Amino acid sequence: MTQITNIAAYKFVPLDRLPERRETLLDRASSLSLKGTILLAEEGINLFLAGSAGDIDAFLLWLREDPAFTVLEVKYSLSSSVPFGRLRVRIKREIIRMNHPAIRPVAARAPAVDAHTVERWLGQGTDDEGRPVVMLDTRNEFEVQAGTFANAINWHIDRFTQFPQAVLDHKDELAGKTVVSFCTGGIRCEKAAIFMAEAGVERVLQLDGGILKYFEETGGTGFEGTCFVFDGRETLDPGLQPRRL
């Protein structure tokens, strides 16, 4: 059976010439028969693409020739068919909308913690300094319902633009704890971690690479259910296999 390679990647990096970049990306991805979505903004790139392994590798090799994308962390998964109906390359005001222009990950990346460290912290219940560790889900409610970390904090938001107010409403509950913000692939939890730090949350880290990287590296220890993804697969289990709701 033919295997389709799916990739998810983002990078906060200052970008100019967005219309020119859009046309170049569209031409290259089209020539390789890739399908999915690429979002461009002055703050960076966010992409979800699917195709043959060779075509995906060729696209990434080409993309990384651009100095802006030389360092680009990519999450991989496989499927039996292409989960996207077409290819779209769009220019947006933000690659993930928060409506807080002062939050600029291009200026400084949020402190991150890797998957294996989080796995170990969850097992012991504390970080390496003995502080209680809490997992904070930054995703929308319908995504959380598909699955999340056991005992994760869920503020039941319907869209990410509601997250800043939720932080202000609940930040006192986070005092004395190490907060690990997480999301699907890392993009939302990076903005979330920066906002929380600026709002006065004492100790906050983002889960590097999000749930997808955590699944890839740990097999999903401590995660209950599946991870919602915005394509035809609907959700992925901890083995990165599609599971329909």
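Please read these numbers as outputs of a predicted model, since none were measured by experiment.
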Check your understanding: Which heavy-atom pair separates Phe84 from Gly36 by the least distance, and what is that distance?
Key -> CG-CA, 3.5 Å
Review point. Looking at OG of Ser79 and CD1 of Ile4, how far apart are the two atoms once the value is rounded to the nearest 0.5 Å?
Key: 6.0 Å
Check your understanding: Going by heavy atoms in the side chains, are Phe59 and Leu34 under 4.5 Å from each other?
Key -> yes
Study note, to complete from the structure: When rounded to the nearest 0.5 Å, the distance separating CH2 of Trp62 from OG1 of Thr24 is 6.0 Å
Exercise for review: Run through Met196, Arg188, Arg139 and flag the one making a side-chain contact (heavy atoms from CB on, under 4.5 Å) with Phe163.
Suggested key: Met196
Check your understanding: Taking a hydrophobic cluster as the set of Ile, Leu, Val, Met, Phe, Trp and Tyr residues connected by side-chain heavy atoms closer than 4.5 Å, whether directly or through intermediates, do Leu136 and Val167 fall within one such cluster?
Key -> yes
Exercise for review: Would you check if Leu174 and Ile153 make a side-chain contact, meaning some heavy-atom pair closer than 4.5 Å?
Suggested key: yes
Check your understanding: Are Leu207 and Phe149 side-chain neighbours, meaning at least one heavy-atom pair lies under 4.5 Å?
Key -> yes
Check your understanding: How many angstroms lie between atom OG1 of Thr221 and atom CG of Leu122, to the nearest 0.5 angstrom?
Key -> 8.5 Å
Point to revise | Phe69 backbone acceptor or donor facing Lys11 side chain under 3.5 Å | key: no
Point to revise | Heavy atoms of other groups near Asn151 CG, more than 12 under 6.0 Å | key: no
Check your understanding: Would you call the rings of Phe12 and Tyr10 parallel, tilted or perpendicular if under 30° counts as parallel and over 60° as perpendicular?
Key -> perpendicular
Exercise for review: Could you tell me whether a side-chain N or O of Glu94 sits under 3.5 Å from a main-chain N or O of Glu43, the two making a donor and an acceptor?
Suggested key: no
Exercise for review: Could you give me the CA-CA distance, side-chain angles and deciding distance for Phe182 and Tyr214, then say whether ring-ring contact (aromatic ring centres under 6.0 Å, His included) is met?
Suggested key: CA-CA 10 Å; Phe182 68 92; Tyr214 188 82; 8.9 Å; no
**Study point:** Residue pair Thr226 / Phe215, side-chain heavy-atom distance below 4.5 Å
**Key:** no
**Study point:** Greater than 12 external heavy atoms within 6.0 Å of Arg64's CZ
**Key:** yes
Review point. Where the side chain of Asn140 meets the backbone of Glu143, is there a donor-acceptor pair that is under 3.5 Å apart?
Key: no
Point to revise | Gap between atom CG of Asp127 and atom OG1 of Thr117 - 0.5 Å precision | key: 10.5 Å
Study note, to complete from the structure: NZ of Lys35 to CG of Asp231, rounded to nearest 0.5 Å, is 13.0 Å
Point to revise | Side-chain donor/acceptor of Lys75 to backbone N/O of Glu216, under 3.5 Å | key: no
**Study point:** Backbone N/O of Thr235 and side chain of Arg243: donor-acceptor pair under 3.5 Å
**Key:** no
Practice item. Give the minimum heavy-atom separation between Thr178 and Arg203, together with the two atoms involved. Key: OG1-CG, 3.3 Å
Exercise for review: Return yes if some donor-acceptor pair links the side-chain N/O of Arg21 with the main-chain N/O of Asp16 below 3.5 Å, else return no.
Suggested key: yes
Check your understanding: At what distance, to the nearest 0.5 angstrom, does SG of Cys189 lie from CG of Leu205?
Key -> 11.0 Å
Review point. Any donor and acceptor pair, going by atom type alone, linking the side chain of Thr5 with main-chain N or O of Leu78 inside 3.5 Å?
Key: no
Check your understanding: Checking Lys191 side chain against Ile96 main chain: does a donor-acceptor pair fall under 3.5 Å?
Key -> yes
Practice item. Verify the cluster assignment for Val144 and Met135: are they in a single hydrophobic cluster under the rule of side-chain heavy atoms below 4.5 Å apart? Key: no
**Study point:** Nearest atoms (heavy-atom pairs only) where Val180 meets Gln206
**Key:** CG1-C, 4.4 Å
**Study point:** 4.5 Å side-chain heavy-atom contact, Ile45 and Ile95
**Key:** no
Exercise for review: Spell out, as yes or no, whether a donor-acceptor pair under 3.5 Å connects the side chain of Ser30 to the backbone of Asp27.
Suggested key: no
**Study point:** Side chain to side chain, Leu47 and Leu63, heavy atoms closer than 4.5 Å
**Key:** yes
Practice item. Can you label the angle between the Trp155 ring and the His170 ring as parallel, tilted or perpendicular, going by 30° and 60°? Key: parallel
Point to revise | Heavy-atom pair of closest approach, residues Pro238 and Gly225 | key: CD-O, 3.8 Å
Check your understanding: Run the side-chain contact (heavy atoms from CB on, under 4.5 Å) check on Val201 and Val179 step by step: do they pass?
Key -> CA-CA 9 Å; Val201 178; Val179 181; 4.3 Å; yes
Check your understanding: Is the CZ atom of Arg17 crowded by more than 12 outside heavy atoms at less than 6.0 Å?
Key -> yes
